[in-house]
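Down below is the structure, laid out as structure tokens.
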Amino acid sequence: MNLEPTLAHYLLVSAALFALGLLGLITRRNAVQALMGVELMLNSANLNLVAFSRFGTGGIDGQVFGTFVIVVAAAEVAVALALVLALYRMRRTPNLDAATTLRG
Amino acid sequence: MTASAVVFWVLTLIVLASAAVVVLSRSLINSAFALLATFSGVAGFYVLLGADFLAAVQFLVYVGGILILLVFGVMLTHRIQDLDLRAEARQLVPGLFVAAGVFILLAAVATRTPWAIGAGRLPSATTAEIGRAFLGKYLLPFEAASILLLVALIGAALIVRKREDA
Amino acid sequence: MKTWFADLWSGFYTVLVGMDITWRHLFTPKVVLQYPEQKWTLPPKSRMRLHLKYEDCIGCGQCARACPVNCISIKADKRAAGSAPIYAANGQAIKLDVKVFDIDMSLCCYCNLCTYPCPTDCIYMTPEYEFASTDIRDHLYRFAKPDAVFLTVNPKPPAPAPAPAAAAAAAAPKPTEGGAA
Amino acid sequence: MSATRPITSADTVGWRIDDIGPDEMILSMGPQHPSTHGVLRIELITDGELVRDARPHIGYLHRCFEKHCENVDYPGVIPYTDRLDYVASMGNSLGYCLAVEKLLAIEPSPYVQTIRVIMAELQRIASHCVAIGTYGMDLGAFTPFLHLLRDREKILDVFEWTCGARLLYNYNWVGGVSHDVPEGFVKACREIVSEFDQITYPELVNLLIGNKIFISRTAGVGVVSRELAISYDLTGPNLRGSGVKYDLRKDEPYSGYENYTFEVPVGEGQYGPKGSCFDRNWVRVVEMKESARIVSQALDRLEKLDKTDVREKVPKRVKPAKGEVFARSEAARGNLGYYVVADGTAVNPYRVKVKSPCFTAMSAFHHVARGVMIADIIALIGSFDVVLGEIDR
Amino acid sequence: MDALLRLFSLIPGWDQNVPAWASISLAGLLAAGLCLGFISLGPVGYVYVERKLAGFMQDRLGPMRVGPWGLLQTIADTIKLLFKEAIFPAAVNRPLFVVAPCLVVIGAFMGFAVLPFSPTWQGTDLDVGAFYVIAIGSLSTVGLIMAGWASNNKYALFGAMRSAAQIVSYEIPAVMSLIVVVMIAGSLSLQQIVAAQAGGLHNWFLWKFFPLNVIAFLVFFTATLAECNRTPFDIPEAESELVAGFHTEYSGFFFAMFFLAEYTEMFVASAMVSVLFLGGFAAPLPVLQTVAGFDIGPVWLIAKAWALVFVHMWLRWTLPRLRVDQLMHVAWKVLLPIALFLIVVIGGLLTAPATAGGFPWDPWFGWPLTALLCGYLMLTALRAWRWHARQVREAVA
Amino acid sequence: MTPAEICTKLQEKFGADVVSALVEAASPYVVVKTERIAEVAAFCKADPALVLDNLLCLSAVDFHKEKEPRMEVVYHLFSYTHFHRFALKVHVPREGARVPTVEATWGAANWHEREAWDLFGIVFDGHPDLRRILLPDDWEGHPLRKDWTDPDFYRGMRVKPTEQMADKAMKGEEFGTGPFQHDPFNAHVPVSGGEA
């Protein structure tokens, strides 16, 4: 196996990170921890973008997209945490199971 | 094996191990602080990939902003007297299967696809380039992102605000 | 908007004023003493360690009664009949044999109330303050000594007015104001 | 009485977790805390930085003062009174002596009264030096504290020179004072007063009181209304800070205070509502200046008066007839009241009760503390200028 | 590092027997250790200076016991702290409790990597140097939160929360006023920022667009004060409110690490201010840049940084501290609008061809104002030492 | 208003509930029936001619040697409107002492009453928070009563030295050492001497 990092290596790492994030998202009852899973997934996506920008033909675009992703992530975390806080105020628990109001 | 390869594998170890801690740790606060290692590791990847501006942004926003927000979130959603912030996992085994499946899928795609690998961009100064891209080619998304940030900020503030009458 | 600017300016300006003062104080003479090397000359009236001039004590116990914290304990017997008359420095005859005169300085509150009623001015506070100790027992002072040499001649034969004690004033300086009440 | 008793839950009186809301937390401030001015414990219910409720617990310095008084004779109480408000001992013993003198119907000579006034006012300056200095320290400014302490030391030097002690003087006696003033006393006091007027006061105002940060930390914080102040018997600078112009030295003069001209400063609310921390502190600052004024007048008077024996009216044996008296005096921290009951048969007081100004000020604390921030709690304690020795007795 | 490598090659047979990667790693480790040692010595000096200053401002003498004028006092204190038992209270979260001070120290020391001491003396001339220094600051924030949480103490937690809120808030005015400088210099690289200010005191960015950049300087300086948790912004460790804030439970070596980090951060922040506004390693007069052919840029940078550290200390011993809400008020309602205003105005001025290089009067203010300030301070100092005594004497006479 | 006028006014309003009065002494007062004290207090504060809006001091006194042993609670009042002073008293039995609280009238009474409960054992009916204030919460007894004797132990600690202990400590025997010779100040005291 070639130990020199190539695009595929980065993609594999990012895939693993994505899988871990997904695992966190679907197995965690705590909203904040689920959010952490989302962050991991976003990071893995970003890693892909930057890796493509480095090894691919797209030039700087990958990094620009990466920046956008970080910006969006920041906004997402702010709103999501606000929602979690509101949920906590209402239900006294940060668990996602409590957010059942929209369930039919 | 070159130095960059060593760094790559060390970073891989850090990122994946800490991400595993984030996901699997039973203590919320440990997850939150393991996230620090993950974010820093990813920033390291960016440096390795020649995206130093993005690495700085990653550090500033993820470590300085999002991580602290998450820690605040952890603390605010628990009574301050709760010393051990235990978080339970549900459906761990099916979740593992799903995650493994996704990983295998992604790995297969990543390795099998004949990516159009160009000459690539060797690591060099990117700040000016990114700046030009923001204010030229991507002006509209840039402005949209700034508006999105503003809206998210206001929205978040509005949601968490305690109503006086409540 | 106006108050915003006014607040901004006053905040900035008062900070500068304060910095000016502290800057000056960097160069003003300092007021501290380097204690063990430099020592404070205490005024003679300073109330520090209690001292008893045992040779003058007549054992009347007024000091012990005046003490608000009961740090003085005295045990005195009648002197054996027929023993030679002895006198305090101010001419008062000592009729009691003071066997125990203990002062527990760890209890003392330095109020000076014991010195005023003393008829012979034999108990007084000295400006001696360096008697800290690591053992509280060191603060129990026993003043009774069996081998004390008393005055056997009345130094002041019954005179018109008893002058303040002076003659054999010992090592420690005597408070000038601690007159007989 | 049982030798050992298991510690029950009743022993730790405090709020329980059920008393607080989900966003709230119980914060125990003290008894070991750097800025509770002694050994005070305050329980706070806080919501983040906001204080929802506060409950002071006192008694950590309780030394059975009143019980002691019943077991020592009348002059023997004076050293104990010195230890009440150990920052301003002169005022305490003066109040007690006034009470006993009232009981015995003794009036000290004008010379003695003038000396007492000088001592009391110097002590007031010294005490306010500590009060304002530590207040600055509570708010984070350390330097003014040491500048003021430097000046307090000079006053204490004079005290030591006069009566031999720096902190617990036992100087005021029933019917007189323990020592006459020494040679050169007047000059030394004049130097102190002039240094205070020339240097300390302007520097204090510029460095601390006028500082924008200090003002914004104190003005409008912890407002005590006039009604609250009177109902909770706040006295001294705390009362005057709320705008009540009442000073015993002016309104019920004792020890010849009627002979001096001075102003009674009241809180003006320059930077916000009247009765806030700033006003209380401001009253103290101005009061120092007025005290300096009284001292210089009293020094003039002392020079003109004939020297009399300062102990000529001191009774050999204090044994008042059956009766009771409640006497107040304006100590540095407010009206200090002594309620002395004599049963006519003993040389011990039958009952001595001290109404200490800090005690009542602290009892109003929880009213003012609601709704402020944690940092303001510190500012509040400091602005009430409590001395725990006096609260706990 | 290169010097070390050259040193290695002097050892006979070194080059033949030792592989290149090993000697590079060894040299790197050694160089890092040396740097760390030198940097860590700094705080020992600052603490001594701070204590002396505090003493002098308060009419005291400060430490006088250990060594002449107490010069060895802080060394003795350091030794005591290093050898003291580090107490772990029973309920702390041990791993985090240990990691937290390390993170804070790392965050503080990483700033040194880009500080330009001279055109060649620099860890690395990062393309995003100025940005990097700001970004790295967030590491200590995480460390502080970690410390506060791990201590399992309400006061520590309060301190940590306050410090996080404060540092995050003050990063914004700091970055904003940084942008002013970056716009003028046209680069994020610290080397280029310094290069743009070469040629004497009047060329410093402090005097560009006079007086706009002076305001930017004050904003940035205030923000650095807050980021270093110094008075009047020292609410995270407000000793009269929170006992000791986030390091309430720390003792011995770990406490020393917080101390080290605080003072190192102070130096880095001051050095950043001097790089951005006071010309960094550029001498106030070009003549003074070299002495006997040696570039004394590092001396200038350190001198400027120390002067600013002195101002930090001076302020600390002068001012009370703000309350939390007032602190936020200052950040969001005072500094941020000013910084935004400056960005807009200076950005506009830079695009206008007439003022692209600064106002025409810019070069005329630097020297006289500096001279005025120094003259005032020196005169007051000269006057002050006889001032007190004279006033009293006059008054009594 | 003079004390006599205040007294008359109170007697007019409350009649026989004002048990006795002493208005000529240095500290004038009236004794009020215990049950009525809260109403008298409220009246004193509300009446526009009195406006005794300030409670200067609330003290309890234990008269245990009187023919009829009793405790007194003394309310020293002051008016910031008319600048006059007056005192109210109530008599309570030594056992089972109960007094209505005046906390509603004067806030300052809150802590004073707690103190009176703490040190004298007088129960103030209707007090919102009648806890010990100066003494520890698990203290037994009320020490300012005249028949109080110190406990020997508090939570297992010996708090009162016995007579012999005090004597021994005075002699230094408790610690097994003799007189102290190493202190120069005591150098004149011989090792075995000085004992009675």
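In what follows, chains are A, B, ... by sequence order, proteins preceding strands, each numbered from 1. Reckoned from all heavy atoms, side chains included, excluding hydrogens, waters and symmetry mates.
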Self-check item: Residues of residues 181-195 of chain E within contact distance of chain B, non-hydrogen under 4.5 Å
Solution: E:Leu188
Quiz item: What residues of residues 139-148 of chain E sit under 4.5 Å from chain B when only non-hydrogen atoms are counted?
Solution: E:Leu139, E:Thr141, E:Val142, E:Ile145, E:Met146
Taking all atoms of both residues into account, what is the closest heavy-atom pair of [X] and [Y], and its distance?
| X | Y | answer |
| --- | --- | --- |
| E:Phe205 | E:Leu276 | CD1-O, 3.2 Å |
| E:Glu262 | E:Cys228 | CG-O, 4.1 Å |
| E:Ser177 | E:Val219 | OG-CG1, 3.9 Å |
| E:Ile172 | E:Trp332 | CD1-CH2, 3.2 Å |

Quiz prompt | E:Ile167 portion near chain B, given a 4.5 angstrom heavy-atom threshold | solution = neither
Quiz prompt | Neighbourhood of chain E inside residues 30-42 of chain B, taking heavy atoms under 4.5 Å as contact | solution = B:Asn30, B:Phe33, B:Leu36
Quiz item: chain E contacts: which residues in residues 59-68 of chain B have a non-hydrogen atom closer than 4.5 Å to it?
Solution: B:Phe59, B:Leu60, B:Val63, B:Gly64, B:Leu67, B:Ile68
Quiz prompt | Under 3.5 Å donor-acceptor, E:Tyr250 side chain and E:Phe97 backbone | solution = yes
Exercise. Kindly say whether E:Leu225 contributes a backbone atom to a donor-acceptor pair with the side chain of E:Arg230 at under 3.5 angstrom?
Key: no
Would you mind reporting whether [Y] and [X] have side-chain heavy atoms less than 4.5 Å apart?
| X | Y | value |
| --- | --- | --- |
| E:Phe158 | E:Asn153 | no |
| E:Met257 | E:Val104 | no |
| B:Leu13 | B:Trp9 | no |
| E:Met328 | E:Lys333 | no |
| E:Thr264 | E:Phe112 | yes |

Quiz item: Would you call the rings of B:Phe8 and B:Phe45 parallel, tilted or perpendicular, where under 30° means parallel and over 60° means perpendicular?
Solution: tilted
Exercise. List the steps, then state whether side-chain contact (heavy atoms from CB on, under 4.5 Å) holds for E:Phe88 with E:Phe254.
Key: CA-CA 10 Å; E:Phe88 292 92; E:Phe254 295 103; 3.7 Å; yes
Quiz prompt | Criterion side-chain contact (heavy atoms from CB on, under 4.5 Å) on E:Phe246 and E:Phe258, from CA distance to verdict | solution = CA-CA 10 Å; E:Phe246 52 83; E:Phe258 277 114; 3.7 Å; yes
Quiz item: Given B:Val10 and B:Ile14, is the side-chain contact (heavy atoms from CB on, under 4.5 Å) satisfied, shown in steps?
Solution: CA-CA 6 Å; B:Val10 170; B:Ile14 290 175; 4.1 Å; yes
Quiz item: Can you check whether B:Tyr46 and B:Phe53 have ring centres sitting under 6.0 Å from each other?
Solution: no
Quiz item: Are E:Val268 and E:Met110 close enough, and set up right, to give a side-chain contact (heavy atoms from CB on, under 4.5 Å), and what steps lead you there?
Solution: CA-CA 9 Å; E:Val268 173; E:Met110 274 168 88; over 6 Å; no
